[in-house]
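Structure, as C-alpha cells:
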Protein chains: 2
Amino acid sequence: MGTTRLETAPEPKYWHLKTVLSEALESDFAVGEVLPNERELAARFGVARATLRQALEQLELEGRLHRRRGVGTTVAPPRVGVDLDPAQHGWPGASGDAWQTEDCEEAVPPAAVARTLGAEAGRTVHIVHRVRTAHGQAVATELLYVPDASVPGLSGIGAGAGAARGRAVLRELNRLELGGQERAVELGSARAEDARRLDRLPGAPVLVVTTRYLAGGGTAAVAVATYRADTCRLTFGDTGGVSLLAS
Amino acid sequence: MGTTRLETAPEPKYWHLKTVLSEALESDFAVGEVLPNERELAARFGVARATLRQALEQLELEGRLHRRRGVGTTVAPPRVGVDLDPAQHGWPGASGDAWQTEDCEEAVPPAAVARTLGAEAGRTVHIVHRVRTAHGQAVATELLYVPDASVPGLSGIGAGAGAARGRAVLRELNRLELGGQERAVELGSARAEDARRLDRLPGAPVLVVTTRYLAGGGTAAVAVATYRADTCRLTFGDTGGVSLLAS
DNA sequence: GAGTGGTCTAGACCACGGT
DNA sequence: CCGTGGTCTAGACCACTCT
C-alpha cells in the first residue's frame, strides 16, 4: 500500500528528555549549579526515575553534567583540553612533563602488553604508576611497562618499590635514544583502582591511550594511560610550526 | 574502634557479572558466536534482566560484544585500528584518503564551529558530508565546514548540492597551502543521523575527532568526525621515521 | 509469527556525603 | 541523621530481523 510513513520513528522518551534537559542547561543553569534531585526531576517530567537516569547518563557521558553520590547533580564546566604531547615526543618522565610518579612494582604484565613488548609471557617487568593532574584534579592514571632490558643500569641498584624506584626507572629509560612512538586512543571503562584514583565509579568511561616507545629497533616500553572521558578532551598540538596562540 | 575493614566494599552484581562474562568470552566463545539471549542469561545467573543488561552494556562499550535488535548478542572481533593520518597531514580530500564524499549543503554551522572558524554567527558555510569505511563497514561520518573565503574559485560555479558539489569544494580547498592542523579527541554520543549512517542507535558512544585546518594565519576549515567507539581504535602513526612494519 | 534486544515502569534497598 | 545518587527487581510492551 502507498501509505507514506513520515516521521514514523517514535523518539524514545529518554532521548527527548535529554534534548529538553540539554536546552534547559544552556538557558537556565550556570556552571556548577545544582539540579533538582532525580526523584523530583522524574516527577516533574512524568517519567520513571530509571528513564530520567538514562537521559542524565547520556549528558554525563557528554561531559555536560557531573553526578556525585550523596551530593547531587551539577552542571559541569567545559571539558579541559589535555595535550598528549607535553614533552615533545620525548620519553615519559622527561623533565617538564605533566605526570607525577606515584609507585613502582615488578610484576607480570597483561598478555596484550607482553605481546606488544615482544617479551616472553610470564616474565616480570617494571611497572611505574603515574598520575596526571590538571587544574588541581586527577585527570589520568598511567601504567608504564618497562622491561629489564630497557633499563640495564638499574640492575646494580637492586630491587625495590615505591615512587623513588619509579623515578629511578624513568631516569634510566631516558638514557636510551628514542626511535619514535606509536599511539592509539580507544574507549574503555575504568578498572577499580583507576576509578578510585580518578574519583569515579568503577566502569566509568575512560579514554585509553596506549603508547609504544621505540628504541633500538624494538619496543623499549609501553604506556597505558587512562583519561577521564567525562572531563577530558585529548588534544594534539600538530601545528606544523604555526603558533597555537595566533588568532 | 580498631575494626579493620578488609574488603568491605560490596562489589556490585553487574560488575561481578561483567567479570564472569568477560572470562567466559575468552575461554568458551569464538569471535562471531551468538550468546544465549538476555532473558536466559539473566535466569542462568539469577539476576534481573536489567542487571544483566548493565553488564552487557559495559562489555559492548569495551568492544567485546556486539548487540543487534532482532538478531542477538555476538562476540565482537578485536577493534580495528583506523589511522588518523592517512593523508600525511594533508587537506581532507587529498588523493588517497580513506573518505567518501556523500553530500554537500550550505548551512549555518553550530555556534562552537563558527567560533573556531572565526566567522560571524549566522553566516552560512559549505558543509561537506563524508563517510569513512574500513573492512566494508562504515566506521565514521564527518562534517567538514568550509567558509566561502577558503574556496574562492567556487563562486564562479554557482550554488548547488550533492556529492559532486562536495568534491568540488574539496578540490578548491586543496589549492590552498596548508599551514598546519590541530586535533582533539573526545567522547560523545551519536546524533540521530550519524547513528543511522553508522548502523548504531542514537546516543551510541562515539569518538569525536575535531580537526582545525590552518592556512594563511587563520582557520581555513573545521572537520568534525564521528567514529564508532565500540569498533574503532584511533591510531597515530607517529614513528619518527621507523617503519611500522618492523617487528 | 517467533524471537531478539530496546524502552519503560514503580517500586525497594544500599552506599555515600554532608549536617 | 537525612538527602543524594547507585543498584536491583519483576514485570510490561515495543521495534526490529529473520523465516
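Note on naming: letters A, B, ... go to the chains in the order of the sequence lines (proteins, then strands), and numbering restarts at 1 for each one.
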Rounded to whole angstrom units, what separation is found between the [atom1] atom of [X] and the [atom2] atom of [N]?
{"X": "H66(B)", "N": "dT17(D)", "atom1": "NE2", "atom2": "C1'", "result": "14 Å"}
{"X": "W15(B)", "N": "dA15(C)", "atom1": "CH2", "atom2": "C1'", "result": "17 Å"}
{"X": "H16(B)", "N": "dC8(D)", "atom1": "NE2", "atom2": "P", "result": "12 Å"}
{"X": "L65(A)", "N": "dG5(D)", "atom1": "CG", "atom2": "C1'", "result": "13 Å"}
{"X": "L41(B)", "N": "dG3(C)", "atom1": "CG", "atom2": "C1'", "result": "15 Å"}
{"X": "L17(B)", "N": "dT9(D)", "atom1": "CG", "atom2": "C1'", "result": "14 Å"}
{"X": "Q54(B)", "N": "dG6(C)", "atom1": "CD", "atom2": "P", "result": "14 Å"}
{"X": "L52(A)", "N": "dG6(D)", "atom1": "CG", "atom2": "C1'", "result": "14 Å"}

- prompt: Are E105(A) and H129(A) side-chain neighbours, meaning at least one heavy-atom pair lies under 4.5 Å?
  reply: yes

message: Is the shortest side-chain heavy-atom distance between D230(B) and P205(B) below 4.5 Å?
response: no

[N] phosphate, OP1 or OP2: any side-chain N/O from [X] under 4.0 angstrom?
{"X": "R53(B)", "N": "dG6(C)", "value": "yes"}
{"X": "N37(B)", "N": "dT4(C)", "value": "yes"}
{"X": "R67(B)", "N": "dG6(C)", "value": "yes"}
{"X": "Y14(A)", "N": "dT7(C)", "value": "yes"}
{"X": "T73(B)", "N": "dT4(C)", "value": "no"}
{"X": "T51(A)", "N": "dT7(C)", "value": "no"}

message: Check this for me: E33(B), atom CD, are more than 12 non-hydrogen atoms of other residues, nucleotides or ligands nearer than 6.0 Å?
response: yes

- prompt: Pick one: which of L143(B), L144(B), V224(B) meets side chain to side chain contact (heavy atoms under 4.5 Å, CB included) with I127(B)?
  reply: L143(B)

Counting side-chain heavy atoms from C-beta on, which of [options] comes nearest to [X]?
{"X": "P12(A)", "options": "dT9(D), dA15(D), dC8(C)", "answer": "dC8(C)"}
{"X": "L201(A)", "options": "dG5(C), dC8(D), dG6(D)", "answer": "dG6(D)"}
{"X": "E38(B)", "options": "dG5(C), dT9(D), dC8(D)", "answer": "dG5(C)"}
{"X": "R69(A)", "options": "dA15(C), dT4(C), dA10(D)", "answer": "dA15(C)"}

Passing candidate, side-chain hydrogen bond (donor to acceptor under 3.5 Å, both in side chains) with D194(B), options R191(B), R197(B), R196(B): R191(B)

task: Identify, between G70(A) and R68(B), the residue whose nearest nucleotide on DNA chain D lies closer to the 5' end.
output: G70(A)

message: Between A50(A) and R200(B), which residue's closest nucleotide on DNA chain C lies nearer the 5′ terminus?
response: R200(B)

message: Between K13(A) and V71(A), which residue's closest nucleotide on DNA chain C lies nearer the 5′ terminus?
response: K13(A)

task: Indicate, with a heavy-atom threshold strictly under 4.0 Å, whether L56(B) touches base, sugar-phosphate, or nothing.
output: nothing

- prompt: Counting only distance, no hydrogens or angles, is the base of dG5(C) paired donor-acceptor with the side chain of R39(B) under 3.5 Å?
  reply: yes

- prompt: Got a donor-acceptor pair under 3.5 Å from the side chain of R49(A) to the base of dG6(D)?
  reply: yes

- prompt: Do the ring planes of W99(A) and Y227(A) sit parallel (below 30°), tilted (30 to 60°) or perpendicular (above 60°)?
  reply: perpendicular

